[in-house]
Amino acid sequence: MTPVTDDAPDAPADAPAELVHCVVSDAVATITLDSPHNRNALSRQLVTELFAHLRASAEDDDVTVVVLRSSGRVFCSGADLSEASEGGMEEGARVLVEMQRLIVAHPKPVVAALHGPVRAGGIGIIAAADVVVAADGATFALTEVKLGLAPAVISLTVLPRMTSRAAALTCLTGEPFTAAEAVSMGLVTRAVPEAEVDDAVASVVASLATGAPQGLRETKALLARELLARIDEQGEDMARLSARLFGSDEAREAMVAFLNRKK
């Protein structure tokens, strides 16, 4: 697969205010998802802004480490089903492939801080990160199977992180699992009490910051080599599979039913 190099799609003209913020302080770029109205679902606007901040932090010589977090407890609820139910998901699937690639290939270490739930496509983001610190009360679920879908695009990063038995259980059942279970599966680095998440992240960041920029960049590239090769080789096929499933009658009916239940 040839990596996508075009910018992420433009946000809708009537979109709300900024959904992703970035603050750089003491060589740390903290990127915060702040779309509480849809639990940080991966809408076109949120993805566009996240792309921009990831790229900017990659090019900023004053940044040594990147932290991904959310403004509320929910880190990410997955795809924005209100947009997905409208169709045309192939472009969006390719963008999600490229987002995972951007995090994996980022020249700075990326740390994900999770205070609460992560679902579906959001798990692809944390699987692409280098270090993941989660509150022990956080829950995870690969819920695609329940909507007639499969975790196609995010399988590029999720499956290499997890044991095959854990992947089969979580992907086929779609049931929630705990942060402690996510650690044992290889998806999360550390699980700590929620009140200690920020301190645990600060400790990891402080350790990472002791590395020389070249050492961090080249070591991360070495660690990411096989994952990047997987994304480049299989990304296009997974994007097509995802688009086909999202466009199926079964998935459309399931998504509409889900959205109607939320009203």
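In this text, all values refer to a predicted model and were calculated from it rather than measured experimentally.
- With S57 contributing its side chain and H53 its backbone, the two residues share a donor-acceptor pair below 3.5 Å.
- Within the 4.5 Å cutoff, the side chain of I154 has heavy atoms near those of the L142 side chain.
- No side-chain heavy atom of T170 sits under 4.5 Å from any side-chain heavy atom of F140.
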message = With side chain to side chain contact (heavy atoms under 4.5 Å, CB included) as the criterion, how do L187 and I126 come out once you've worked through the C-alpha distance, each side chain's angles and the decisive distance to 0.1 Å?
response = CA-CA 8 Å; L187 187 62; I126 68 166; 4.3 Å; yes

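- Taking CG of D80 as the start and CE of M255 as the end, the distance is 11.0 Å to the nearest 0.5 Å.
- The distance from atom CZ of R119 to atom CG of L42, rounded to the nearest 0.5 Å, is 14.0 Å.
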Side chain to side chain contact (heavy atoms under 4.5 Å, CB included) between L241 and M238, worked out:
CA-CA 5 Å; L241 172 59; M238 292 300 100; 4.3 Å; yes

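- Transitive grouping of hydrophobic side chains (ILVMFWY, heavy atoms separated by less than 4.5 Å) keeps V67 and L102 in distinct clusters.
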**Study point:** Criterion side chain to side chain contact (heavy atoms under 4.5 Å, CB included) on E98 and F51, from CA distance to verdict
**Key:** CA-CA 9 Å; E98 182 62 8; F51 256 87; 3.8 Å; yes

- prompt: What do the steps show when you test R101 against T157 for side-chain hydrogen bond (donor to acceptor under 3.5 Å, both in side chains), and what is the final call?
  reply: CA-CA 9 Å; R101 193 184 196 285; T157 55; over 6 Å; no

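- Hydrophobic clustering, with ILVMFWY side chains joined whenever heavy atoms are under 4.5 angstrom apart, keeps V65 apart from I103.
- One hydrophobic cluster, built from ILVMFWY side chains closer than 4.5 Å, cannot hold both V133 and I123; they sit in different ones.
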Item to check | Test side chain to side chain contact (heavy atoms under 4.5 Å, CB included) applied to T64 and L216, step by step | outcome: CA-CA 9 Å; T64 302; L216 291 172; 3.6 Å; yes

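- When every heavy atom of T173 is checked against every heavy atom of K146, the shortest pair comes out as O-NZ, 3.2 Å.
- Here C171 contributes atom SG and E144 contributes atom CD; the two are 7.5 Å apart, rounded to the nearest 0.5 Å.
- Residue V183 comes nearest to T189 through the heavy atom pair CG1-O, 4.0 Å, listed as atom of the first residue, atom of the second, then distance.
- For the pair E236 and R240, the salt-bridge criterion is met [side-chain N within less than 4.0 Å of a carboxylate O].
- Atoms CD and CG, on E18 and L46 in that order, are 10.5 Å from each other to the nearest 0.5 Å.
- Between D198 and R69, at least one side-chain nitrogen of the basic residue sits less than 4.0 Å from a carboxylate oxygen of the acidic one, meeting the salt-bridge criterion.
- No chain of hydrophobic side-chain contacts below 4.5 Å, direct or via other Ile, Leu, Val, Met, Phe, Trp or Tyr residues, connects L81 to V74.
- Rounded to the nearest 0.5 Å, atoms SG (C22) and CD1 (I31) are 4.5 Å apart.
- Using a cutoff of 4.0 Å between basic side-chain nitrogens and carboxylate oxygens, R230 and E226 are not scored as salt-bridged.
- Using modelled atom types, one finds no donor on one side chain facing an acceptor on the other under 3.5 Å when comparing S71 with H21.
- Tracing side-chain contacts under 4.5 Å through hydrophobic residues (I, L, V, M, F, W, Y), one reaches M162 starting from V188; they form part of the same cluster.
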